[in-house]
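Indexing begins at 1, ligand by ligand and atom by atom, following the structure's order.
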Amino acid sequence: MDRRSGRSEARRRNWRGAALAGGMGLLAACERGPQSALHPAGRNAEAILDLTLILVAGGGVIFLFVMALAGYAVIARPERFPGSRAWIIGGGLVFPIVTLTALQVYEFAVARQLSDTGGVEPLRIEVTGYMWWWEVRYPDVRVEGGEVLRTANRLVIPAGRPVEVVVTAADVIHSFWVPSLGGKMDMIPGHENRLILVGERPGTYRGQCAEYCGAQHALMAFDVVVEPPDRFEDWLAAERRPAAEPDGPQQAAGRDAFLRAGCGSCHTVRGTPANGAAGPDLTHVGGRGALAAGTLPNTPEALAGWIAGAQHIKPENRMPSFPILGGDDLHAIAVWLESLK
Ligand code: CUA
């Protein structure tokens with residue numbers, strides 16, 4: 001970064017910091033978390049934050065001015081308030097036309113910027129919303145065996161490279177939103193929408209369904225992991241491989257119990273006969289940050305609890321509870337699945 005762009009960057013941060021601290025004292029109390037539009041981790045989220053601050057600050061100034069005028073109009077004698085016609089034309093017509101036009105032009109410019117990849121070929125990822133989880137496909141990445149790479153509830157993306165996320169839905173309308181990285185996009189059955197995400201700061205960011213989609217809408221979250229480009233390539237290489245062979249008798253028993261219980265009719269675990277497509281692909285489920293779309297931590301205990309009582313934990317989701325599985329089978333399945341990194 002040269003000195004000049006460094007200075008303008010610092011100025012930008014300064015005014016943004018001042019606006020945050022001053023005008024939005026309430027919001028500034030929000031904690032810096034993995035899901036915050038106030039702490040952008042990429043240029044698109046920054047542009048959206050700037051737009052928001054300008055609209056809030058501009059709206060606030062206009063509101064205060066109008067309130068002050070209204071107060072003055074109430075207490076002042078009529079002869080002290082001359083030129084009412086000029087006020088009506090100036091304040092009621094000219095001022096809104098000028099400010100709203102300027103804001104609209106700025107907003108168009110931001111919208112244009114949000115869909116601009118700067119000439120860089122974006123990484124394509126397709127995300128489909130289900131009640132209540134996210135299927136994630138990398139259409140340009142083939143796994144060993146030739147199919148498209150498919151995973152769930154987690155997008156891993158390279159830092160700095162724009163990602164074109166193509167979103168749709170399988171059942172009802174959902175909405176894809178990662179506040180720290182970009183805007184919000186509706187996921188509509190039978191229709192594809194696109195949005196560009198850019199993650200510049202490596203880290204794990206949380207996304208959330210932003211359109212009420214039924215009883216478990218609140219339990220429909222996902223992670224976006226921004227990795228440095230070389231670590232992203234490592235992740236891709238690992239993800240393309242089939243599930244590891246069971247290490248030891250307990251894991252082998254877990255795999256057998258998984259297949260015996262019929263889990264493979266809904267779930268795929270590449271490298272085993274399980275090839276169902278109705279539920280999340282579990283080939284590398286042990287490497288994900290959470291279970292059941294952000295509902296539970298990814299541990300063997302939580303996974304066993306989820307298998308035994310999915311309908312208790314997240315009622316009406318498509319995964320039945322399996323209370324009939326014995327404790328040993330349940331534990332072995334959980335240990336085996338957790339070994340699939
Ligand atoms: Cu999906 Cu709300």
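- The pair Glu200-Arg43 meets the salt-bridge criterion, since a charged nitrogen lies less than 4.0 angstrom from a carboxylate oxygen.
- The ND1 atom of His217 and the SG atom of Cys209 subtend an angle of 120° at atom 2 (Cu) of ligand 1, given to the nearest 10 degrees.
- Judged by distance alone, with hydrogens and angles left aside, the side-chain atoms of His267 form a donor-acceptor pair with the main-chain N or O of Pro280 at under 3.5 Å.
- Proximity of the aromatic rings of Tyr205 and Trp177 is defined here by a centroid distance below 6.0 angstrom, and this criterion is not met.
- Atom 1 (Cu) of ligand 1 lies at 2.8 Å or more from every N, O or S atom belonging to Tyr212.
- The atom name of the N/O/S atom in His174 closest to atom 1 (Cu) of ligand 1 is ND1.
- Looking only at N/O/S atoms, Glu211 comes nearest to atom 2 (Cu) of ligand 1 through O.
- Residue side and main chain included, Cys213 places an N/O/S atom under 2.8 Å of atom 2 (Cu) of ligand 1.
- Between the Arg201 side chain and the Pro40 main chain, a donor and an acceptor come within less than 3.5 Å of each other.
- No continuous path of ILVMFWY side-chain contacts below 4.5 Å connects Leu296 to Trp132, so the two sit in separate hydrophobic clusters.
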